[in-house]
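Along the sequence shown, residues are numbered consecutively beginning with 1.
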Amino acid sequence: DHLTRIFRLGRVRVVSTTTRLASVVAQAARDSGVVTVVADEPGPAPEWPEEPVASTLGLLQFSSGTTGPSRGVLVPLTALEANLDMIESWTGGRAEDDAVATWVPLHHDMGLIGCLLCPVSRGVNVWLMEPEQFVRAPRRWLRCFGEYGATITAAPTFGLGHVLRRVSRDMLDGMNFAGWRVLIVGSERVDASVTGAFTRFLEPYGFSGRAVMPAYGLAEATLAVTGSGREDEVTEVSVDPASLVPGEQIRIGSGAVRPLKLVGCGPPLPGITVSIVDSGGKPVGERFLGEIELTGKSVARGYVTVGERAEQPLNGMVRTGDAGFFLNGELFVAGRIGDGLKVRGRWLFAEDIDGILAAGEPAKGRFVSLLGSIDGADTVVVLAEGSAVDFAASLGPVVVNYASGLRVLVLSVGRGGKIGRAHV
């Protein structure tokens with residue numbers, strides 16, 4: 001169904017695929033009139049039904065779809081080239097012995113643009129792993145840097161956490177990470193406790209924490225928007241959650257009982273202008289929470305749509321749907337507005353609930369929380385899996401103590417199984 005929708009939105013005429021995926025692609029293409037070419041079948045090269053036509057469009061990049069159906073983002077060639085130039089300049093240019101090693105999927109903009117198109121367009125070697133290979137054996141990814149000399153990568157925070165859970169110190173014997181010069185961390189809110197633990201884990205083997213570069217980006221800006229400088233230390237601030245109120249200044253380091261720790265994602269990259277605006281679109285000052293808005297030469301042209309209007313233009317400006325603030329010229333991302341709730345006037349985000357629950361072992365890493373509305377009531381839903389099931393009933397009070405006034409529903413489920421019990 002997902003592929004069928006993409007074929008329709010993109011007005012696709014030809015799909016090139018592999019034998020492994022041919023059956024599902026053919027099924028999606030059956031009712032769309034799309035020609036399927038299986039590129040790795042033995043025999044003569046496949047014949048394309050028509051010659052490609054030159055276009056000013058660089059690519060049609062589908063957004064991640066985390067809060068709804070994926071949206072087709074029209075990225076002009078000029079925007080793509082501009083963002084690739086920004087990334088190269090930001091990460092310190094190209095060294096003669098650079099190589100990128102990545103497991104991030106190529107249907108994600110971090111994987112496609114940051115870890116494939118950027119190095120390939122610069123003549124830099126790329127070593128690709130499939131995501132499931134990384135999940136099964138994250139040490140293989142580390143070996144690319146510690147044994148074979150890869151120097152650059154990008155990954156979300158949860159990937160670093162997976163390494164910490166699955167790789168032990170004795171598995172690093174003989175590795176040397178001194179040449180690992182760039183580790184871009186983004187795609188989700190950056191967790192300083194994870195990046196710090198990852199740095200401490202690899203430091204005895206030559207890794208430098210200055211390689212860690214927190215960043216913020218999205219498909220509508222082609223990819224990169226802000227980024228910490230190479231060799232800069234990761235900036236972390238403690239925020240009083242009660243001060244996350246639109247129109248009020250955020251309290252930093254105020255001694256709150258449960259402070260919210262946020263990581264700086266660096267200043268805007270050259271060619272991008274980032275503003276924080278209120279609900280009416282008016283810019284607000286530093287340390288004021290609002291929606292992240294951006295303009296610049298790498299902003300996409302718009303979205304593809306179905307029907308008579310073939311395109312929904314962005315007109316050079318993106319309202320991202322993400323909440324954040326500036327401090328000392330650096331962007332701090334609080335969370336996605338669509339994943340948050342306003343509770344007694346302040347913003348509460350799913351990452352905040354995850355952080356509170358993660359503070360208590362042994363449930364750490366075995367749950368996920370969602371915020372929204374059920375039957376008109378503001379509700380937090382926590383799904384507890386595996387070892388966290390035994391502690392599911394105790395998770396609800398933890399959330400209520402942190403944010404009273406919410407309905408909390410905790411669902412417990414065995415790994416790979418059906419929901420066994422609900423705790424309200």
Side-chain angles (χ1 to χ4, degrees), residues 1-52 57-66 68-73 75 80 99-121 124-145 147-148 150 152-156 158-159 162-163 165-167 187-188 219 223 304 385 415-418:
D1 292 342
H2 177 63
L3 280 177
T4 299
R5 179 175 176 273
I6 285 178
F7 291 167
R8 186 175 71 253
L9 275 175
R11 297 180 291 283
V12 172
R13 288 177 287 185
V14 182
V15 173
S16 176
T17 187
T18 64
T19 302
R20 185 166 66 93
L21 298 174
S23 60
V24 68
V25 172
Q27 182 180 351
R30 187 173 300 144
D31 299 325
S32 308
V34 176
V35 176
T36 303
V37 175
V38 183
D40 61 349
E41 283 186 342
E47 292 186 10
W48 293 80
E50 57 187 275
E51 289 296 319
L57 185 67
L59 56 89
L60 177 58
Q61 167 68 36
F62 281 84
S63 63
S64 58
T66 50
S70 296
R71 307 183 74 179
V73 180
V75 179
L80 179 59
V100 172
T102 178
W103 56 267
V104 181
L106 299 184
H107 59 257
H108 190 282
D109 49 6
M110 175 184 273
L112 175 64
I113 296 167
C115 294
L116 181 65
L117 296 185
C118 189
V120 165
S121 66
V124 173
N125 286 338
V126 181
W127 302 338
L128 296 175
M129 296 177 69
E130 293 189 4
E132 53 266 37
Q133 291 175 316
F134 170 77
V135 171
R136 286 195 300 265
R139 180 176 178 270
R140 290 182 60 184
W141 180 64
L142 291 180
R143 290 182 66 193
C144 294
F145 303 92
E147 294 183 17
Y148 305 125
I152 301 172
T153 195
F158 76 79
H162 183 63
V163 169
R165 289 190 297 271
R166 294 291 301 275
V167 180
S187 182
E188 59 181 357
L223 176 60
V304 292
E385 180 206 41
R415 187 176 300 177
K418 295 181 180 179

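Listed by chain and residue number, nothing satisfies the salt bridge (charged side-chain N to carboxylate O under 4.0 Å, His left out) test with Glu188 (two or more places apart in sequence, or in another chain). Qualifying side-chain contact (heavy atoms from CB on, under 4.5 Å) partners for Thr4, counting only residues two or more places apart in sequence or in other chains: Ala28, Ser32. Residues satisfying the side-chain hydrogen bond (donor to acceptor under 3.5 Å, both in side chains) criterion with Ser23, sequence neighbours excluded, are absent altogether. Every residue was checked against the salt bridge (charged side-chain N to carboxylate O under 4.0 Å, His left out) condition with Glu41, not counting sequence neighbours, and none meets it. Residues forming a ring pair (Phe, Tyr, Trp, His ring centres under 6.0 Å) with Phe134 (at least two apart in sequence, or on another chain): Trp103, Trp141, His162. Remark: Glu147 pairs with Arg143 by the side-chain hydrogen bond (donor to acceptor under 3.5 Å, both in side chains) rule, at least two apart or across chains. Residues meeting the side-chain hydrogen bond (donor to acceptor under 3.5 Å, both in side chains) test with Asp1, sequence neighbours left out: none. Leu9 pairs by the side-chain contact (heavy atoms from CB on, under 4.5 Å) definition with Arg5, Phe62, Val304, Val306, not counting sequence neighbours. Contacts of Ala101 classified as side-chain contact (heavy atoms from CB on, under 4.5 Å), with partners at least two apart in sequence or in another chain: Trp127, Cys144, Phe145, Ala150. Partners of His2 according to the side-chain contact (heavy atoms from CB on, under 4.5 Å) rule, which considers only residues two or more places apart in sequence or in another chain, are Ile6, Ser70.
For the residue pair Val167 and Pro138, the shortest heavy atom distance occurs at CG2-CG, 3.9 Å. The two residues Met110 and Ala155 have their closest heavy-atom pair at SD-N, 3.8 Å. Here the closest heavy-atom approach between residue Ala219 and residue Val75 is recorded as O-CG2, 4.4 Å. Residues Ala154 and Val104 come closest through the heavy atom pair O-CG2, 3.4 Å. Across all their heavy atoms, Val25 and Thr17 have their closest contact at CG2-OG1, 3.7 Å. Scanning all heavy atoms of the two residues, the minimum distance from Gly114 to Pro119 falls at O-CD, 3.6 Å.
Distance CG/Asn125 to CD1/Ile152: 11.0 Å, rounded to 0.5 Å. To the nearest 0.5 Å, the span separating NE2 on His108 from CD on Gln61 amounts to 8.5 Å. Atom-to-atom distance recorded for Cys115:SG and Leu106:CG is 8.5 Å, nearest 0.5 angstrom. Rounding to the nearest 0.5 angstrom, the gap separating the OG1 atom in Thr102 from the CG atom in Leu116 is 9.0 Å. Considering CG of Leu117 and CG of Leu112, their distance stands at 4.5 Å, rounded to 0.5 Å. One distance of note links OG1 of Thr36 with CZ of Arg30; it measures 10.0 Å at 0.5 Å rounding.
Judged by distance alone, the side chains of Thr19 and Asp40 do bring a donor and an acceptor atom under 3.5 Å apart.
Pairs passing the side chain to side chain donor-acceptor pair (under 3.5 Å) check and including a residue from residues 131-140, sequence neighbours excluded, do not occur.
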